[in-house]
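Since the structure comes first, as C-alpha cells, the remarks are kept for the end.
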Amino acid sequence: MSFVFPPAPPASIAVFNSDDRLPVRRIFCVGRNYAAHAREMGKDPDRDPPFFFTKPADAVVDDAQVIPYPAETGNFHHEAELVVVIGKDGRNIPVEASYDHVWGYAVGNDLTRRDLQLAAREKGRPWDWGKAFDRSAVVGPVHPVAQSGHPESGRISLTVNGEVRQDADLSELIWSVKEVISTISRSIELRRGDLIMTGTPAGVGPLAVGDTCVVSIAGLGEISTVIGPRA
Ligand code: MN
C-alpha cells in the first residue's frame, strides 16, 4: 500500500527544556468555564454539564510566532487558557483517576473570530468558522507533569502590548481539569496526544495588526504572539 500523495507531517507542540516534540492528535476546547467570562458573553454561569468544541490538530502554533490577521473577521479575539496534554488513552475515566492520563500542561491562546462565532451562535449553527480556522491554537512548550505537578491554582493572565486584559486564577475554573477529562472520556475515547484547552477567564478582547499578545500561567511560563498583516 502506498499513499496517493505524501501524508502531511504530524502536527506537534514543543516540549519544555527538550529538543523532542509532542505529536498532537486532536484539540478539544471547553466553552464558558469561568463564571465572569460566561457573564461577559451574555450567558449565566451554571453547573450544567460542560460543552465542547474542537479545533483541527494542525491549527497549533508555537510560542514566539507571527500570526497573520485571519480572513473574514473584523473582531479577532484572544483567550488565555490552560492546556492539558493527554498522555494515556482512556474511556469512562473516573474523576479520581483523571490525572493518570495527563502527560503535562502548557500555556495556550484560543484565538477566535468572535464575529463569526457569535453570528453562528445566534443562528444555532456550529462554531467551527469562528474557532477552528488555520493557526487558531497557540500552544507553548508542554511541561511534563513530573516537573509541573497538576496546577489547580495560580495566576493566569494575558497582556496586549503590555496592558493587562485578562487576570484570574486557575482555581476559578467551573469544571476542574479532572472533571473535564472524565466528562470527555464518557463521550469519546481520549487518546494520547489529545489536547484540552480548558476555557478562558473574563477580559477577552480584540487583537489588531502589530499587537503583541502574551499569555502567562504561574509555573508554566509565558507565550508571546505577534499579529501580522492579513495574509
Ligand atoms: Mn476558549
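When a residue number appears, it is its place in the shown sequence, counting from 1. As the structure lists them, so they are numbered: ligands from 1, and atoms in each ligand from 1. These figures come from a predicted structure and were not determined experimentally.
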Check your understanding: So, for Asp62 and Ser12, which heavy atoms are closest and what is the spacing to 0.1 Å?
Key -> OD1-O, 4.4 Å
Practice item. Scan side-chain atoms only and decide if Gln166 and Thr200 contain a donor-acceptor pair under the 3.5 Å cut-off. Key: yes
Check your understanding: Among Arg125, His77, Glu122, Lys131, whose side chain to side chain contact (heavy atoms under 4.5 Å, CB included) with Gln117 holds?
Key -> Lys131
Review point. Under a 4.5 Å side-chain heavy-atom rule over Ile, Leu, Val, Met, Phe, Trp and Tyr, are Val83 and Val30 clustered together?
Key: no
**Study point:** Cut-off under 2.8 Å, centre the Mn ion (ligand 1), protein N/O/S atoms
**Key:** Glu79 OE1, Glu81 OE2, Asp110 OD2
**Study point:** Heavy atoms of other groups near Trp127 CH2, more than 12 under 6.0 Å
**Key:** yes
Check your understanding: Can you find a side-chain donor-acceptor pair between Arg165 and His78 that sits under 3.5 Å?
Key -> yes
